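Letters A, B, ... are given to chains in the order of the sequence lines, protein chains preceding strands, and every chain is numbered from 1. All heavy atoms count here, side chains included; hydrogens, waters and symmetry mates do not. Everything numeric here is computed off the predicted structure, so don't read it as measured data.
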Amino acid sequence: MRVSQNLIPTLKEVPAEADTISHQLLLRAGMLRRVAAGIYTLLPLGYRVVEKIKQIVREEMNNAGGVELLLPIIQPAEIWHEAGRWDVYGHEMFRLQDRHERNFCLGPTHEEIITDLIRQEVKSYRQLPLLLYQIQNKYRDERRPRFGLMRGREFIMKDLYSFDRDESGLETSYQKMYNAYSRIFSRCGLSFRIVEADPGAIGGSDTHEFMVLADTGEAEIVFCSVCDYAANVEKAPCQPRTSPSAGEFKPLKLVSTPGVRTVQEVAAFLGVEPQVILKTLFYYADSELIAVLVRGDRAVNETKAKNLLGATQLEIASEAEITRQFKIPIGYAGPPGLKERAPVKIIADYEVKDLINAVAGANQPDHHYLNVNLGRDYEVDTLGDLRIAEEGDLCPKCGAPLHLKRGIEVGQIFKLGVKYSKALGATILDETGKEIPIIMGCYGIGITRTMAAAVEQRHDENGIIWPVSLAPYEAVVIPISHRDSLQVKFAEEIYQNLLAHGIDVIYDDRPERAGVKFKDADLIGYPVRLVVGNRAVSENLVEIKWRASGEIILKEKEEAINYLKNNLNKLRKGE
RNA sequence: CGGGGUGUGGCGCAGCUUGGCAGCGCGCUUGGUUUGGGACCAAGAGGCCGGGGGUUCAAAUCCCCCCACCCCGACCA
């Protein structure tokens, strides 16, 4: 490929629309353009990266026994109704009608469609196990698309669905995917961690997330400093880090705290530590009003709260709602006497039980209570693990301290069980002729997100540093002077030779000054740069520069080809 | 959805407070000089100032409505 024949519109300046480094660099490197919020065009170079990721995924899926197919983007409403998700999915689903006013959606995921296929075509345990996958666009009308490719409304995903006759079959399929995913992200040159996660709305039991470590990641994960435990903070169980203090209950005391509302303000005003304050937050769990109590220095883990309550939706109550329900300004709510003001279920984190003589809102403007005690001053409906794990919490496996990091979720694997096969009647006959539901699993990889994650993790001040396995081209050939016919001829030869030896190479034949081409090469992030200058013509020496290390090597023309063939071959398999 | 912000040639921005010829840098075109890290000089092309309505002799600028995009919070690959 010649640069002059391609469309590679690099930018010197950072477009105002981009805030995230991967978004900025993908735009600047001429790989990506926005069309609408969360909807992008992949330019030729960006598309090549996507294709390389797809190819790695494909190889590993096939190796694991997966079979590729293609499901439709446009899906009829009926099947979603049948599985009970047409209404559940809400605004996130792009919906449309055909000319007969029949309802359809753009597929946000494909469990329904593939289960429908399987229920029609698979009737016997003899046909299982099956691992079917596709690489396709998904459509989710996100409330807030952001960070370029990281969270789009249209994105490319690989989704595989496993169909087994029993739990042990599912376990085998799950393990195959677990291993395949590990290989995929290694081959993509990414530093990642596999964490336990919460199954969330998709349902099912076990689930793991594959997190690319990056400070800009949206997800928080904890991992053990000693053993191999790692989990999404939403999932990680928390031990109370308090110990039941033996202190005597002091008498409840009302104090004036004018204009003091937040935990920080209360702590400062009363001269106490945040951990003796009782934080009271209000939520709607499937439209039931809930108060959640945690220690003042903790954060509520909404996933855990949702699970504890068995709710499908949990939403924080608005300030207006709180005032309307309890007739008190926000910031002065506390558990003593709360239930008398409005019917509310109170759930509390385990640590709350150990809080002796706590500070809490007094349910009247500008006042707090001192010495609030569970059992004497208020009761809770349920105690449970409701807080978000933090740095220093203890590993649930081995008890060592946990560390906190941020990650980008590039893949997730689920054991679905019979949720969809039961709802849609996907059953088989076993050896005894008994009809049983198929056991399913689903396994997703965000292809375009993986691309963004790779940039997020691999860049420097000059641009992207692609691993060889993902680079749009493995090498770029640059003649220093486009007007020096000897250099151009030399560069042409090198280019043709590399091509002939199966190296994925692009030739920068633009009539530009060398500096422009160097800047572009760094920005785009080709792993290898070959420069043809005067020494090429006079001494037959080509300059080879590695983008990642900055290492520069001079080789004679013929030697250069072999050198690159050998080195690239090693790197293609992953770094 | 709630909160905050921004819309001015392809890109980055100034101008708006206090209404009076639509500007700057990059990019693009042409010519010349340059040529190993985003060159220089000269001459050009390119804009319904997001859209609609209003106020005014006069609106990028003031007022109202709408739209789009970005950022912060509740969901997800």
Side-chain angles (χ1 to χ4, degrees), chain A residues 9-20 23 27-28 30 33-39 57 89-92 108-109 135-160 181 197-202 209-212 218-219 232 234 283-284 300 302-303 305-306 312-321 408-414 442-453 462-463 478-484 487 511-523 529 531-536 543 545 552:
Chain A
T10 55
L11 304 170
K12 276 191 192 175
E13 285 171 297
V14 181
E17 72 184 73
D19 228 46
T20 317
H23 191 192
L27 289 169
R28 288 191 53 213
R33 288 294 183 266
R34 195 194 70 224
V35 174
I39 297 173
V57 169
Y89 229 97
H91 293 298
E92 209 145 292
T109 177
I135 298 175
Q136 218 228 41
N137 287 2
K138 293 281 185 279
Y139 296 84
R140 296 184 190 171
D141 196 358
E142 294 277 350
R143 26 188 99 44
R144 179 138 106 90
R146 54 179 152 174
F147 304 151
L149 284 186
M150 209 76 87
R151 176 174 303 279
R153 295 193 293 173
E154 176 184 76
F155 58 97
I156 303 174
M157 177 167 157
K158 184 284 306 180
D159 45 328
L160 182 143
Y181 274 39
D198 185 271
I202 299 189
E209 289 169 339
F210 289 71
M211 296 280 189
V212 167
E218 291 185 271
N232 194 306
E234 290 178 353
Y283 288 88
Y284 276 100
V300 172
E302 293 176 8
T303 306
K306 194 156 74 177
T312 55
Q313 271 216 318
L314 188 78
E315 227 175 311
I316 192 139
S318 68
E319 186 164 348
E321 261 310 291
I408 300 162
E409 183 191 341
V410 289
Q412 185 162 17
I413 57 180
F414 279 102
C442 72
Y443 315 84
I445 291 179
I447 302 285
T448 33
R449 183 183 281 182
T450 298
M451 173 172 170
N462 294 316
I478 299 177
I480 286 292
S481 170
H482 65 273
R483 304 196 324 166
D484 181 326
Q487 278 184 27
E512 291 285 351
R513 293 158 59 95
V516 172
K517 298 185 192 182
F518 292 159
K519 286 286 183 192
D520 273 352
D522 286 347
L523 179 60
R529 186 185 84 185
V531 174
V532 174
N534 282 330
R535 294 188 71 179
E543 175 188 302
K545 182 174 181 186
I552 295 176

* Asked: Under 4.0 Å between a side-chain N or O of A/K12 and OP1 or OP2 of B/rG27?
  -> yes
* Asked: Looking only at atom C1', what distance separates B/rC63 and B/rU55, rounded to whole Å?
  -> 7 Å
* Structure fact -> Between A/F155 and the options A/T448, A/L149, A/N137, A/I447, the side-chain contact (heavy atoms from CB on, under 4.5 Å) test singles out A/T448
Heavy atoms from C-beta onward define the side chain here; which of [options] lies closest to that of [X]?
X      : options                : answer
A/R153 : B/rA77, B/rG12, B/rC69 : B/rC69
A/K545 : B/rA39, B/rG37, B/rG25 : B/rG37
A/V516 : B/rC76, B/rA39, B/rG73 : B/rA39
A/P15  : B/rC11, B/rC69, B/rA77 : B/rC11
A/R140 : B/rG38, B/rG12, B/rA77 : B/rA77
A/T10  : B/rG38, B/rC71, B/rA74 : B/rG38
A/E218 : B/rC71, B/rC75, B/rG38 : B/rC75

Residue matched to [N] through Watson-Crick or wobble contacts both under 3.5 angstrom:
N      : answer
B/rG23 : B/rC13
B/rA77 : none
B/rG37 : none
B/rU6  : B/rA68
B/rA42 : B/rU30
B/rC48 : none

Any protein N or O atoms within reach of nucleotides 2-10 of chain B? Criterion: under 3.5 Å, listing atom names and distances.
none

* Asked: Is A/E218 salt-bridged to A/R146, going by a charged N under 4.0 Å from an acidic O?
  -> yes
* Does a salt bridge link A/D159 with A/K138, judged by any charged N lying under 4.0 Å from a carboxylate O? -> yes
Is there any protein nitrogen or oxygen under 3.5 Å from a nitrogen or oxygen in nucleotides 32-36 of chain B, and what are the pairs?
unit_1 : atom_1 : unit_2 : atom_2 : d
B/rU34 : O2     : A/R513 : NH1    : 2.7
B/rU35 : O4     : A/R483 : NE     : 2.7
B/rU35 : O4     : A/R483 : NH1    : 2.9
B/rU35 : O4     : A/R483 : NH2    : 2.8
B/rG36 : N1     : A/E543 : OE1    : 3.1
B/rG36 : N2     : A/E543 : OE1    : 2.5
B/rG36 : N2     : A/E543 : OE2    : 2.8

* Between A/L11 and A/G148, who's closer to the 5' end of RNA chain B by nearest nucleotide? -> A/L11
Sequence neighbours left out, cut at 3.5 Å: what donor-acceptor pairs do the side chains of residues 512-519 of chain A make with other protein atoms?
unit_1 : atom_1 : unit_2 : atom_2 : d
A/K517 : NZ     : A/D508 : O      : 3.1
A/K517 : NZ     : A/R510 : O      : 2.9

* To do: Identify whether any heavy atom of A/G463 sits under 4.0 Å from a base atom; if not, whether one sits that close to sugar-phosphate; answer base, sugar-phosphate or nothing.
  => nothing
